[in-house]
Number of protein chains: 2
Amino acid sequence: MRLTTKGRYAVTAMLDLALHASRGPVSLNDISGRQGISLSYLEQLFAKLRRSGLVASVRGPGGGYRLSREDTSINVAEIVDAVNESMDATRCNRKGDCQEGLECLTHHLWLDLSDQIHNFLSDITLNDLIERREIQATAARQDERANSRIDLLLSSEGSN
Amino acid sequence: MRLTTKGRYAVTAMLDLALHASRGPVSLNDISGRQGISLSYLEQLFAKLRRSGLVASVRGPGGGYRLSREDTSINVAEIVDAVNESMDATRCNRKGDCQEGLECLTHHLWLDLSDQIHNFLSDITLNDLIERREIQATAARQDERANSRIDLLLSSEGSN
DNA sequence: TTATAGTTGACTGAAATAGTAGGGCATCCG
DNA sequence: CGGATGCCCTACTATTTCAGTCAACTATAA
C-alpha cells in the first residue's frame, strides 16, 4: 500500500478541475500554476485519468480538461486508483497466498485495514470536498495569487 | 504514507513473539522459520523494535526476544511506527506547509485519512489478534510444520 | 571453551517515484 | 493560411526506498 505525491496530486488536480468547472475546460497550465505541480507531470497523470474515464479533453486554444461525470459521482478512491496507487494493504492483493501459497499470520488484519481505507475514501466525493470551508478558503487564496501573477505579467508586457 | 513488507513483517513477527511467549524468549531463528522472513532482515527490524522499547533481548543460548510489555498494551500502530513506516497520509507531516509554506488544497483530506488509519490500528492490540480464530488456526498450522521440519532434521542426523 | 544468539554496519540489486525533455497532433483565431 | 494554444506520447534520468545479504563482533549459558 502506498499513498505518495502521485495520488495526492491526482486528487488535488481533480479538485481544482471541479472548482473551476463553471468557466469551461481547465488547462493543465492553469492547474500547474495554481497547485504548484509540474506541467509535464500533470500530463502523465491526466493521461491515466482520461484512460480511466474520469476526465475528457478538449483540444486547441481555450481547451483543457473537464470532468466526465458530475462532481457528486466521482469519489476520491477511484481517483487514487486511476493513477495506479493501490490502497490495498495486503501483500498478496487480497488473494491469501502471502506465505508459500497460504495466508500469512496477519492476512486478515491487512484485509480489514484495506476495507477501512477504501470505505473511507470511496465515501468522499469531489462535491463533498468543494463544500468544505477550508477548501473554499484555500481555493480563493490560490485564485487571487494566480490573478496577481497575470496582472504582473500584463504590466511588464505593457512596459516593453 | 506507505505500508510495505517492512511494517507487515514487524507486526507478524511481534505477533509470533506474543503467540510463543509462554515458553520463554523466542529466537529470531524460530520466527524466521515459522514466518518465512529472512533472519538478517528480522535482525534489522528487531533492532528498531528494541530501540522503541517494544521488545527486550536475552543473549546467549536459549535466548531471544520477549515483549517488554503485556500483549494487551501493545497495539499495531506503534509496531508499524517503530520500524519507520509512517502511516501519515499527508505530504507535510501534518505541518500544513505542503504548498509553498501554506496548506495545499487537499491537506485536510489527508489529515482525516491519517486519523482514520491511526485510530483503526491503534485500537488493535496483539492480544486482540491472538484471540482471533483465523490467527489461532494459522499459528497452529505453522507450529506443526516447524515441528515436522525438526523431526526431519533429527532423523537425518541419526542416519549419519 | 564453544556454540548460541543478539548487535552493528556496510553494502547491493531492483523497483518506484518524481520528475524532465522533446517530439507530435488537433483546433481555434486573426 | 499559419501560428499560437493546449493536449498527446515516448523516452530518459536522478533519487530514494525496499528488501535483503554479508561479515565481524559481543554476551552468555552449558
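Just so it is clear: chains get the letters A, B, ... in the order the sequence lines come, proteins before strands, and each one is counted from 1.
For the 3.5 Å distance criterion, the side chains of A/Q99 and B/Q142 qualify, holding a donor opposite an acceptor.
Judged by distance alone, the side chain of B/N93 and the main-chain N or O of B/K95 form no donor-acceptor pair under 3.5 Å.
B/D143 meets the side-chain hydrogen bond (donor to acceptor under 3.5 Å, both in side chains) test with B/H20; sequence neighbours excluded. Under the rule for a side-chain hydrogen bond (donor to acceptor under 3.5 Å, both in side chains), the partners of A/R145 that lie at least two apart in sequence or sit in another chain are B/E100. For A/R23, there are no side-chain contact (heavy atoms from CB on, under 4.5 Å) partners two or more places apart in sequence or in a different chain. Considering only residues two or more places apart in sequence or on other chains, B/S68 meets the side-chain contact (heavy atoms from CB on, under 4.5 Å) condition with B/A56. Checked against side-chain contact (heavy atoms from CB on, under 4.5 Å), B/R51 has the following partners two or more places apart in sequence or in another chain: B/A47, B/K48.
Contacts between residues 86-114 of chain A and DNA chain D, defined by a heavy-atom separation below 4.0 Å, involve no residue at all. Of the residues in residues 19-40 of chain A, those lying under 4.0 Å from DNA chain C by heavy-atom distance are A/S38, A/S40.
Evaluation of the side chain to side chain donor-acceptor pair (under 3.5 Å) test over residues 101-126 of chain A, restricted to residues two or more places apart or in two chains, returns A/D88-A/S114, A/R94-A/D115, A/E103-A/H108, A/T106-A/W110, A/T106-B/T12, A/D112-B/R132, A/Q116-B/Q116, A/T125-A/D128. Sorted by first and then second residue, the pairs that involve residues 68-80 of chain A and meet salt bridge (Lys or Arg N to Asp or Glu O under 4.0 Å), not counting sequence neighbours, are A/R69-A/E78. Pairs passing the salt bridge (Lys or Arg N to Asp or Glu O under 4.0 Å) check and including a residue from residues 29-47 of chain A, sequence neighbours excluded, read A/D16-A/R34.
The aromatic rings of A/Y65 and A/F46 sit tilted, their planes meeting at an angle between 30° and 60°.
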Which pairs, protein N/O on one side and nucleotides 12-18 of chain D N/O on the other, fall under 3.5 Å?
from	atom 1	to	atom 2	distance (Å)
D/dC18	OP2	B/K6	NZ	3.1

Identify all pairs in which a protein N or O lies below 3.5 Å from an N or O of nucleotides 23-30 of chain C, and state each distance.
from	atom 1	to	atom 2	distance (Å)
C/dA26	O4'	A/R59	NH1	2.4

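Residue A/Y9 places no side-chain N or O under 4.0 Å from the OP1 or OP2 atom of C/dT17. Taking side-chain N and O atoms only, B/R51 has no distance below 4.0 Å to OP1 or OP2 of C/dG6.
Within the 4.0 angstrom heavy-atom criterion, no nucleotide atom of any strand lies near A/F46.
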